[in-house]
Amino acid sequence: MSEHKDFLRTIVEEDLKAGKYNKVVTRFPPEPNGFPHIGHAKSIVINFGIARDYHGHCNLRMDDTNPTKEDTKYVEALKDAVEWLGFDFDNNVHFTSDYFPKLYDYAIELIKMGKAYVDSLDEEEIREYRGTVTEAGKRSKYAERSVEENLDLFERMKNGEFKDGEHVLRAKIDMTAANMKMRDPLLYRIRHAHHFRAGDAWSIYPMYDFAHCLADYIEGITHSICTLEFENNRDIYNWVLDTLGLGSISPRPYQHEFARLGINYTVMSKRKLLELVKGGQVSGWDDPRLPTIAGYKRRGYTPESILNFCDGIGITKANSMVDVAQLEFSIRDDLNTKVPRVLCVLDPLKVTIENYEGSEEIEATYYPHDVPKEGSRKLPFSREIYIERDDFMENPPKGYYRLTPEQPVRLKHAYIISCKEVVKDVNGNITEIKAEYHPDSRSGSDTSGIKVKSAIQWVSASEAKEVEIRLYDRLFKDEAPEGLEDINPDSLKVIKNALIEPAVITEKPDERFQFERQGYFYADPVDYTDEKPVFNKIVGLKDSWSKKKKTTTESAPKPQAKKVQIDGEVAPMTEVQEKLFNKYRADLGLNSEVANTLARDEKLSYFYAEALTVLNSPVGLANIVANDVARELKAKEASELKFSAKQIADLVKMVDDETISSKIAKQVFEEMAKSGESPTQIVESKGLVQISDPSKILPIIDEIMEKNPDNVAKFKAGNTKLLGFFVGQVLKSTGGKANPKVVNELVSEKLK
RNA sequence: UGGGGUAUCGCCAAGCGGUAAGGCACUAGUUUUUGGUACUGGUAUCGGGGGUUCGAAUCCCUCUACCCCAUCCA
């Protein structure tokens, strides 16, 4: 667990500490209607992760309440994903459909309580009656049906006596609710459809809002964690559970929402993913370009890298778009210390070493010096080899490190070669390099004294194996793709005849490799055969050379348009407010902001007036009322406050006559708001009277300066922000009692 | 337009009245037989405007932008 807890863990910890639950139970509740993607991975990591961290439990549950969309092939994919990521669901998959009988009983209970009714409006009417976000809805006339009639109708719905859409069961809540979700939400609909698990047993199916909270309750879930778009549904979640009285029997679950994952250059919605799969833009749900778990798995991502990625991005409620670079980093970072380095030439250019005869085998280690792993293989070397076409240039730009007519280069693990002749075809394309090797430059026993700028990959022509390489790039060319038109036409490049050193194929030291200087690759788990090996590119190595080239050629400092802030209009004051405002300004001498705050808020101005009758300190009172009292009054009514205007007046009086500092006043206020105790009493019992005597404060300052010589030096060097640090330290060591004004003066004097 | 959310560096993200963490990306340098890795350094005043305070990213007021809600989807 990282040192900084996310907000969900904070909630869980508080609940555990408060004894609300004695064991945390979470759940990962996907609907089996599509393949899980990396957004699901985030949810899996959150739910299973929290359960693991707090020694609780996490259920894998299929939320299968819609028979027309769901399928068992998706539940397999979901199980695979959870397992692959390394989490354990005890081989026990839960299904909402298993609770259908219980759910039905709860619905009957609701009907009996008069809290649910069978509505017979058609679909369109229901929509109309619901109203809009700004207009209230109106209730269906069928809401007046008797409990008996509802019971009878509902049972007949279950028995399949009606056609799809003829009736629905709805909760009776409030058709005028500001939260649209609370306008008599549908609980059950008729569906004469075959359910992949329940078969044809049911002709009615529960809706999400009814089923989910109850499934949570039935499983003893404590923290029902979902994504932000369900925030509006939280009210129904609570309504169903509370109305059925379920919280009182045993501790019931509560819903908490976090922001779903977004990654640029890809799409994450199941609908869009399905579109790509069905439209043939990709080869299937496991296409390595897709952000599906199956896709990443096939591409060669490791579970660890996905887990690290999820840990790295954090959990918050802010909608955000994570850069794919972060994902790419996590797989590079993981593979760097794990996989063997091998030589593979993607775009071969023949090199004949004219002064080399015969052949030899070079022992080459699989891992670089900084990876603490053992292992090596034999690299055949001969007169005829292939190098990467990119690694030779006849007219190189400045800063080019590789082979040129003038510049020798090392063949990784082998000899240094120099270019002697460039052979071209009739079109001027380079077809071959004739080179010379330096016999005394063999890797490990180099006495040639030749300095080269780089070592490149190569393969021996006669021993190299031909392999297929699939180069994957981002699926979309647009950072926030809208649709198919944003697809990157170059997202897949297939190289049919790349050349790889033989050990990779014959020895198979691993399934993932770093092809030296190119990237990480994975033996395709589906199409790879010994006759025709296939490797998928997982991710490229960081490449500062091509970056350098680009920036020097393009060097376009993009003009960052500063966003212009538009100031909206402030609602005008009413006549009464205006009068009050003017009085505050003219008669009481308040500044316009405080006067404004007070005048516009009836609760505040009333409270202020009351306090004023006790103490004639208009400005001091106004400040505390407009700031601190306002905070309390945000959530509460005046009658609910633990403190009175009189107490506020007493508090301000103590500040006025300098018994306490304004800092202490804040502290006292907080205490008062909680306990309702009188301010004088709080000050007395806690001994909060302020210390203003410099002779008492000075020694403390000295002590702090002694303990923090670095900061003293920094301050003297001009870092005046540190003033707050010193003042803070003094305040801290006096328990907040030192008079901050005095401390401030003394500190700045001292440090001058 | 009603309700519910969210705003801290190019991208994530700590921070809860007292010196603006960290990661990714970017950038400069050191090491290097991968233009990789590792290491060292650089890079923000907190959506805007006011107010309260000795002191505000944190408290108050206000404005702005973005997301979600009017499926018999989940």
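Throughout, protein chains are lettered first and strands after them, A, B, ... in sequence-line order, and every chain is numbered starting at 1.
Within the nucleic acid shown, A/His212 has no heavy atom closer than 4.0 Å to any nucleic acid atom. Counting non-hydrogen atoms under 4.0 angstrom, A/Val322 reaches the backbone sugars and phosphates but no base. Looking at heavy-atom distances under 4.0 Å, A/Val168 makes contact with a base.
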message: Checking A/Tyr520 against A/Phe515 for the ring-ring contact (aromatic ring centres under 6.0 Å, His included) test, could you report, in this order, the C-alpha distance in whole Å, the side-chain angles of both residues, the deciding distance, and whether it holds?
response: CA-CA 6 Å; A/Tyr520 294 98; A/Phe515 291 177; 9.7 Å; no

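In this view, A/Glu328 satisfies the side-chain hydrogen bond (donor to acceptor under 3.5 Å, both in side chains) rule with no residue, not counting sequence neighbours.
A/Thr597 has no side-chain polar atom (N or O) that falls below the 4.0 Å cut-off from OP1 or OP2 of B/C60. Taking 4.0 angstrom as the limit, A/Lys634 places a side-chain polar atom (N or O) nearer than this to OP1 or OP2 of B/C61. The side chain of A/Arg234 places no N or O atom within less than 4.0 Å of a non-bridging phosphate oxygen (OP1 or OP2) of B/G4. One finds no side-chain N or O of A/Asn623 lying less than 4.0 angstrom from the OP1 or OP2 phosphate oxygen of B/C60. OP1 and OP2 of B/A74 both lie 4.0 Å or more from every side-chain N or O belonging to A/Arg260. Look at A/Lys547 and you'll find a side-chain N or O under 4.0 angstrom from OP1 or OP2 of B/C26.
In this structure, B/U45 is classed as anti because its glycosidic torsion departs from zero by more than 90°.
In the set B/A70, B/G3, B/G5, B/A70 carries the atom at the smallest distance from any side-chain atom of A/Arg130. Distances from the side chain of A/Arg631 to the nucleotides B/C72, B/A25, B/C59 place B/C59 closest. In the set B/C69, B/C12, B/U34, B/C69 carries the atom at the smallest distance from any side-chain atom of A/Met180.
Aromatic ring pairs are classed by plane angle as parallel below 30°, tilted from 30° to 60° and perpendicular above 60°; the pair A/Trp545 and A/Tyr401 is parallel.
Side chain A/Gln326 to base B/G23: a donor-acceptor pair is found below 3.5 Å. A donor-acceptor contact under 3.5 Å links the side chain of A/Asn744 to the base of B/C54. Side-chain atoms of A/Gln565 and base atoms of B/G47 include a donor and an acceptor less than 3.5 Å apart. Side chain A/Arg517 to base B/U34: no donor-acceptor pair is found below 3.5 Å.
Between A/Asp122 and A/Lys663, the residue anchored nearer the 5' end of RNA chain B, judged by the nucleotide with its closest heavy atom, is A/Lys663. Residue A/Glu479 is the one, among A/Glu479 and A/Asn627, whose nearest nucleotide of RNA chain B lies closer to the 5' end (criterion: closest heavy atom).
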Show the distances under 3.5 angstrom between N or O atoms of the protein and N or O atoms of nucleotides 38-44 of chain B.
none

